[in-house]
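So the structure is just underneath, and the comments pick up after that.
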Amino acid sequence: MHNINFIRENPQEFDNAMIQRGEIAISKKILEIDEEKRKTQTFLQNLLSEKNTLSKTIGKLKSENKNADNYLKKVEEIKNEINTLKELETIKEDELQSILKRLPNIPHSSTPVGKSENDNLFYKEWGTKPVFKFKPKRHFEIGEDNNLMDFETASKLSGSRFVVLKGQLSRLERAISNFMLDKHTLENGYKEMNVPFLVKDDILYGTGNLPKFSEDLFAAGDNHWLIPTAEVPLTNLSNNQILNIKQLPLRYTSYTHCFRSEAGAAGKDTRGMLRQHQFTKVELVSIVEPNYSDNELERMLSCAEAILKELNIHYRIMTLCTGDMGFAAQKTYDIEVWLPGENNYREISSCSNCGDFQARRMNTRYKKENKNIFVHTLNGSGLAVGRTMIAILENYQTEDGNVIIPEVLRKYFNNQDKLI
RNA sequence: GGAGAGAUGGGUGAGUGGCUUAAACCACAGGUUUGCUAAACCUGCGAAGGAAGUAAUUCCUUCCGAGGGUUCGAAUCCCUCUCUCUCCGCCA
């Protein structure tokens, strides 16, 4: 949600930011409605004040057993006007909100300007592409050849974009997520949380998924949605709260299933388990003081990177441009892991600083010097578990079709050094 | 699923139609005293918004789980919904 005061004071800057994000200049319309709303409000409040005074006089007169008919008549007269103005105020307020809540966050000054993913900026990379003496297989070939990854059975159960992982791959999933959680809780200072996968409308509104992106979500019954990421419940843990400054920063991690309809991705990545309706992810969320959020984004990124470093898998990091960034973000880094089978870099983590955008929607503040200030929220994958498995399979595959288990995972994998 | 009780500021909690302008305590912030810490004492302290003013500030409106209603006037009365707790039943 946007700060209306900022738009009043910097309409041009606001319009420029929206244009960079593929929206249109709309500050003029916003300020017109805002102006009408405030005029109505002022007029209404004066009448309410008058009514309150009259009511008090009536109370006094009645307690003294005096006649109050004149005052009662006056109240009756302004009542209709009050109701009309109330309705008008509500209309204007709704009009304003319906525009504001659908506008994306203002990009950070360091976010590159661009239209699509082609304009994303290379930030840095780690490691090198592994060299194979044979043609590396793609992850689903390794999985299917060993009868550990079953898309047909999954399709029988649930349709397309699902997978059944069998035996050792199912165990590998568990090993990866345990490794990540241990790393983030024991070394990186995140508190592990086990959260609901079903949430209500207002929770998704808080993180910015609603009202604009309902088509990306799965609805469950009349009152719940399946979470598309643990960011949603984790960030909302503090909604509608005024936090004590001593509580900050709050750092949470959670391993959850995530559910996405992939509505706009028809025909994209249909082979394999890269893009599923259901996948697991270890998420990182930070709630911090505003002046610290830039640092926290770098910190969070390094926590996510640490996982790939320990797994010894090559990756690069891109800074997303204004046109490719998510709705609530002001700055986002994508970690893209190298997949030799696919001969491509693929997103395995996305770390975003949302500034106070979500905090305004969720109404999360903290008290500093007796003032209530909106917090800054950040979220990042640390990492997507399914895609990490893909990266391991493709990077650690051997010529005989087996896969070496990365050293750091072996203690979570029955101390085996090979998948099979 | 059945029966009952409840939801008030950051927290505990008083308040059953107009002296509530939401008490009191705790927490928090500032100060005094003290060699430091602690303690004691003093002061301040709910939230959102509007208007006037260069500003300090002043005035006003709304908010007591949410939404409706009754009334000149509602935290308080009525209706609907949500959630929490207790007991019973069922259940991983």
Side-chain angles (χ1 to χ4, degrees), chain A residues 1-9 30-97 99-101 194-206 210-211 219-225 233 236-250 257 287 289 356 358-375:
Chain A
M1 181 56 67
H2 291 285
N3 180 357
I4 186 76
N5 279 320
F6 177 85
I7 305 176
R8 278 178 204 153
E9 285 158 24
I30 290 171
L31 294 178
E32 265 173 29
I33 299 168
D34 179 52
E35 179 73 25
E36 289 171 47
K37 191 205 82 180
R38 279 150 72 199
K39 271 188 188 159
T40 310
Q41 203 169 18
T42 306
F43 203 41
L44 170 67
Q45 288 180 356
N46 288 336
L47 285 178
L48 284 171
S49 177
E50 198 181 328
K51 191 191 79 170
N52 287 342
T53 313
L54 289 169
S55 289
K56 271 180 194 165
T57 313
I58 292 165
K60 234 175 232 166
L61 289 174
K62 287 210 167 174
S63 69
E64 294 164 6
N65 272 323
K66 289 180 182 165
N67 185 299
D69 287 357
N70 277 343
Y71 293 92
L72 287 168
K73 212 174 158 189
K74 264 190 206 165
V75 170
E76 200 56 45
E77 280 167 16
I78 58 174
K79 245 184 162 177
N80 280 334
E81 206 171 349
I82 286 174
N83 286 336
T84 313
L85 286 170
K86 259 188 192 163
E87 275 170 37
L88 186 61
E89 194 206 13
T90 309
I91 289 168
K92 290 295 160 193
E93 179 64 28
D94 289 351
E95 217 176 315
L96 192 60
Q97 291 304 318
I99 295 173
L100 287 179
K101 66 191 180 185
N194 200 313
V195 292
F197 298 179
L198 295 174
V199 295
K200 300 184 285 185
D201 288 3
D202 58 311
I203 300 306
L204 283 152
Y205 172 78
L210 289 179
D222 293 334
N223 300 312
H224 292 101
W225 303 85
N236 275 286
L237 288 172
S238 306
N239 77 351
N240 290 314
Q241 282 187 22
I242 300 176
L243 301 165
N244 190 312
I245 191 168
K246 289 174 188 164
Q247 293 174 259
L248 301 179
L250 288 167
H257 287 74
I287 295 178
E289 285 192 73
D356 66 5
Q358 293 180 322
R360 286 178 184 279
R361 296 171 83 97
M362 296 188 304
N363 198 24
T364 307
R365 292 157 294 166
Y366 75 107
K367 203 169 265 295
K368 188 181 188 183
E369 286 155 9
N370 274 324
K371 281 189 176 156
N372 298 323
I373 303 169
F374 288 107
V375 296

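Proteins come first, then strands; the chains are lettered A, B, ... in the order of their sequence lines, and each starts at number 1.
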_Over all atoms of both residues, closest heavy-atom pair of A:Pro211 and A:Tyr205_ = CD-CD1, 3.9 Å
*Taking atom P in both B:U20 and B:C42, what distance in whole Å separates the two?*
24 Å
*Does any nucleotide pair with B:U70 by Watson-Crick or G-U wobble geometry, both distances under 3.5 Å, and what is it?*
none
*asked:* Can you check the distance between B:A75 and B:A22, where both ends of the measurement are the P atom (answer in whole Å)?
replied: 11 Å
*C1' gap between B:U33 and B:A40, integer Å*: 9 Å
_Return whichever of A:Asn5 or A:Leu48 has its heavy-atom-nearest nucleotide of RNA chain B closer to the 5' end._
A:Asn5
*asked:* The test is salt bridge (Lys or Arg N to Asp or Glu O under 4.0 Å); show your working for A:Glu289 and A:Lys368 and say whether it passes.
replied: CA-CA 10 Å; A:Glu289 285 192 73; A:Lys368 188 181 188 183; 3.7 Å; yes
*For B:U76 and B:U71, measure between their P atoms and round to the nearest Å.*
16 Å
*Mind checking whether A:Ile203 and A:Pro233 have side chains closer than 4.5 Å, heavy atoms only?*
no
*Write down the distance separating the P atoms in B:C59 and B:G10, rounded off to the nearest Å.*
24 Å
Polar atoms only, N or O, under 3.5 Å: list the protein pairs with nucleotides 45-47 of chain B and their distances.
{"from": "B:A47", "atom 1": "OP1", "to": "A:Lys367", "atom 2": "NZ", "distance (Å)": "3.3"}
{"from": "B:A47", "atom 1": "OP1", "to": "A:Asn372", "atom 2": "ND2", "distance (Å)": "2.9"}
{"from": "B:A47", "atom 1": "O3'", "to": "A:Arg365", "atom 2": "NH1", "distance (Å)": "2.9"}

*Report the residues that fulfil ring-ring contact (aromatic ring centres under 6.0 Å, His included) with A:His224, sequence neighbours left out, ordered by chain and then residue number.*
none
*Can you see which heavy atom on A:Ile7 is nearest to which on A:Leu31, and at what distance?*
O-CD1, 4.0 Å
_Tell me the interatomic distance from A:Gln247, atom CD, to B:G11, atom C1', rounded to whole angstroms._
12 Å
*Sidechain-backbone polar pair: A:Ser49 side chain, A:Gln45 backbone, donor-acceptor under 3.5 Å*: no
_Roughly how many Å apart are B:G1 and B:U61, using the C1' atom of each and rounding to a whole number?_
46 Å
*Nearest-Å distance for atom pair NZ/P, residues A:Lys371 and B:G30*: 15 Å
*asked:* Only pairs with both distances under 3.5 Å count, Watson-Crick or wobble alike; so what is the partner of B:C45 in this structure?
replied: none
*B:U34: pairing nucleotide in any strand, Watson-Crick or G-U under 3.5 angstrom*: none
*Nucleic acid contacts of residues 33-45 of chain A, taken as heavy-atom distances under 4.0 Å to RNA chain B*: A:Arg38, A:Gln41, A:Thr42, A:Gln45
Side-chain donor-acceptor pairs under 3.5 Å in residues 77-91 of chain A, sequence neighbours left out?
{"from": "A:Thr84", "atom 1": "OG1", "to": "A:Asn80", "atom 2": "O", "distance (Å)": "2.9"}
{"from": "A:Glu89", "atom 1": "OE2", "to": "A:Gln41", "atom 2": "NE2", "distance (Å)": "3.3"}
{"from": "A:Thr90", "atom 1": "OG1", "to": "A:Lys86", "atom 2": "O", "distance (Å)": "2.8"}

_Among residues at least two apart in sequence or on other chains, which ones pass side chain to side chain contact (heavy atoms under 4.5 Å, CB included) with A:Asp69?_
A:Asn67, A:Leu72
*For B:C90, the Watson-Crick or wobble partner whose two distances fall under 3.5 Å*: none
*In whole Å, what is the span from the NZ atom of A:Lys200 to the P atom of B:A66?*
13 Å
*B:G73 OP1/OP2 closer than 4.0 Å to side-chain N/O of A:Asn52*: no
_Pairwise C1' distance for B:C85 and B:C78, with rounding to whole Å_ = 25 Å
_My understanding is that only one of A:Thr42, A:Thr40, A:Asp34 makes a side chain to side chain donor-acceptor pair (under 3.5 Å) with A:Arg38; could you say which?_
A:Asp34
*asked:* Tell me whether the count of non-hydrogen atoms from other residues, nucleotides or ligands lying under 6.0 Å of CG in A:Asn194 goes above 12.
replied: no
*Could you tell me whether the side chains of A:Tyr366 and A:Gln247 share a donor-acceptor contact shorter than 3.5 Å?*
no
*asked:* What's the gap between B:G35 and B:A24 when it is taken at their C1' atoms, as a whole Å value?
replied: 37 Å
*Whole angstrom value for the distance that separates C1' of B:G9 from CD of A:Gln241*: 14 Å
*If B:U84 has a Watson-Crick or G-U wobble mate with both distances under 3.5 Å, name it; if not, just say none.*
B:A5
*asked:* Which heavy atom of A:Asn236 sits nearest to which heavy atom of A:Gly206, and what is that distance?
replied: OD1-CA, 4.3 Å
*Which nucleotide, in any strand shown, forms a Watson-Crick or G-U wobble pair with B:C19, with both distances under 3.5 Å?*
none
*Could you walk me through whether A:Glu76 and A:Lys73 pass salt bridge (Lys or Arg N to Asp or Glu O under 4.0 Å), step by step?*
CA-CA 5 Å; A:Glu76 200 56 45; A:Lys73 212 174 158 189; over 6 Å; no
List every contact pair, protein side and nucleotides 67-72 of chain B side both N or O, where the distance is under 3.5 Å.
{"from": "B:C72", "atom 1": "O2'", "to": "A:Ser55", "atom 2": "OG", "distance (Å)": "2.8"}

*asked:* Heavy atoms only, 4.0 Å cut-off, all strands: where does A:Arg8 land among base, sugar-phosphate and nothing?
replied: sugar-phosphate
_Only pairs with both distances under 3.5 Å count, Watson-Crick or wobble alike; so what is the partner of B:C59 in this structure?_
B:G50
*Quick one: A:Glu93 CD to B:A48 C1', roughly how many Å, whole number?*
11 Å
*May I have the distance from A:Asp201 (atom CG) to B:U82 (atom C1'), rounded to whole angstrom?*
13 Å
_Distance, rounded to the nearest Å, where A:Glu89 contributes CD and B:A51 contributes C1'_ = 14 Å
_Whole angstroms only, please: what is the CG-P distance between A:Asn240 and B:A66?_
11 Å
_Shortest non-hydrogen separation from A:Lys92 to A:Ile33 and the atoms involved_ = O-CG2, 3.5 Å
